[in-house]
Each structure stands twice: as structure tokens, then as C-alpha cells.
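In what follows, residues are counted from 1 in the order of the sequence shown. Numbering of ligands and ligand atoms starts at 1, following listing order.
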Amino acid sequence: MLITFEGIDGSGKTTQAKKLYEFLNSIGKPASLYRDPGSTPLAEEIRRIILNYQMDSTTELLLFASARSSLVWERIFPDLRDGKIVIVDRFIDSTTAYQGYGREINLGTVNILNHIATRGRKPDITFILNVSLETALERLKKAGKSTRFEDPEFLKKVRSAFILIHKQEKERKIYLIDGERDEEEVFEDIKSIVKLHLFY
Ligand code: TYD
């Protein structure tokens, strides 16, 4: 089973992905946790390049796709074959939201690259952590984080894009989770949804 966590920077998705990973392993369900871009030596190098260089949006899109391809091929597919539950911090919906809606790259192009990178494998469950722009910016300020993806105007577009993806992709299991609440409360929601898929 492939579970992805999505949301704008500061939405709390990384914390929740880690909690789910720890919970599943604690109940004897072997799970792995990866971050996209990253989690293979090559994808980590690509991640470093993406975060450290200014570049045009098409180059950026292609680098995200390359990093994802490496992650899918070298980690996700072998783990799924072994029967593991694979949890990924960001995946295809981040590319649709950031490069598609955010950078305004043609959505058809984005979809094709997502398809190539994943060989068409879609997530089984996707959680989109939804927080207000104010909350996200406040959390990012506290964490002392700033990258070129964290401009407020840009994040505003990305935030709406995630909500739109949830509304539009009805054939997928995408859950929009209210991330404004206490960490434990948010996790209770996630846990009950995952349990439902695992045991029923
Ligand atoms: P991430 O590692 O999730 O950063 P954080 O943990 O701080 O939220 O992602 C790094 C940045 O890359 C993030 O700002 C979102 C951006 N991104 C894209 O623009 N497109 C993508 O396809 C992905 C996966 C991430």
C-alpha cells in the first residue's frame, strides 16, 4: 500500500507521516518512510540542486521528475513487492500543485511527467494537510525556514491547488485533513482512515 502526505510548507505533513510510520511499525505492520525529492543517494543530490540553485520552471519540473523516478524505482517498488506499507512525504500532487498551478506549467505536461516518473503507479491513499496561509507562515517563521518555494503569494496559489486536486480527483482516495488542530487530534483522523483501509 502506498500512502502519500501532501500540503503546503508548514502544514505539518512531515510530522504526521513520521507518526504514521512509527504507529504502523509498532502494531507489527512493516512500513517504510521516504521523502520526495530524496531518499536515494541520487535523489538526495537532485534535492540539494533543486533547493540551492535558481532555475527556470521546466528545469525544476524535470529535476523533480528525475528524483521521483529514482525513488520509485529504487525504493518504493521493491518495498511494495515485499508487502510493505510505503509512506511518502510529498509525491505527484506536489508537482501538480507547485509546478502546475504554482509555476503555471501546462497541466497536461505535468501529468505526463508524473506518469513517467511513477510508471503510472498512483498512491492508494493521499492525505492533504490543510492549514491557513497564516498558520503555515507562522510555523515556517518559528522553524526558521525559508526557501524559494515559500513566498506567501506563491504558497497561496499552491494551497488553493491542493484543495482543487482534492475536489477534482474523485476516483482517488484523497482526504483533506484539517491541520489547524493539535498534532494528536490530526493524527487520530489519519490513523482511523488508515485502519479502515487496512482492516476492513
Ligand atoms: P519538502 O522536502 O517537502 O520541504 P518541507 O519538508 O520543508 O515542506 O519539499 C521541498 C520543496 O520542494 C517544498 O517547498 C515543495 C517543493 N516541491 C515542489 O515544488 N514540487 C514537487 O514535486 C515536490 C515533491 C516538492
Is it true that Arg172 and Asp124 have a side-chain N and a carboxylate O under 4.0 angstrom from each other?
no
Atom pair CD1/CG of Ile85 and Leu2 - distance to nearest 0.5 Å
11.0 Å
Ligand 1 atoms nearer than 4.0 angstrom to some heavy atom of Asp9 are 8 (O), 13 (C), 14 (O)
At under 4.0 Å between heavy atoms, which part of Thr95 makes contact with ligand 1: side chain, backbone, both or neither?
both
Which of the ligand 1 atoms, numbered from 1, are nearer than 4.0 Å to a heavy atom of Ser94
20 (N), 21 (C), 22 (O), 23 (C), 24 (C)
Starting at OH of Tyr101, measure out to CD1 of Ile165 and round the result to the nearest 0.5 Å.
6.5 Å
Below 4.0 Å from any atom of ligand 1, is there a heavy atom belonging to Gln99?
yes
Does ligand 1 have any atom that is closer than 4.0 Å to a heavy atom of Glu60?
no
Heavy-atom contacts with Pro37 under 4.0 Å: which atoms of ligand 1 show up? List them by number with element.
24 (C)
As a check for students: among Arg103, Arg90, Arg47, identify the option with a heavy atom nearest to atom 2 (O) of ligand 1.
Arg47
With atoms numbered from 1 as shown, which atoms in ligand 1 lie under 4.0 angstrom from a non-hydrogen atom of Asp36?
24 (C)
Identify whether the distance between the nearest side-chain nitrogen and carboxylate oxygen of Arg68 and Asp36 falls below 4.0 Å.
yes
Thr14 heavy atoms, cut-off 4.0 Å: which ligand 1 atoms fall inside?
6 (O)
When you measure from atom 21 (C) of ligand 1 to each heavy atom in Phe91, Phe64, Tyr98, Phe154, which option holds the nearest one?
Phe64
Any side-chain donor-acceptor pair under 3.5 Å between Ser132 and Thr135?
yes
Does the Ser192 side chain pair with the main chain of Glu188, one donor and one acceptor, at a distance under 3.5 Å?
yes
Check whether any side-chain heavy atom of Leu113 lies under 4.5 Å from a side-chain heavy atom of Thr95, and answer yes or no.
no
Under a 4.0 Å threshold between the charged nitrogen and the carboxylate oxygen, would Glu6 count as salt-bridged to Lys13?
no
Examine ligand 1 and decide if any of its atoms is less than 4.0 Å from a heavy atom belonging to Arg68.
yes
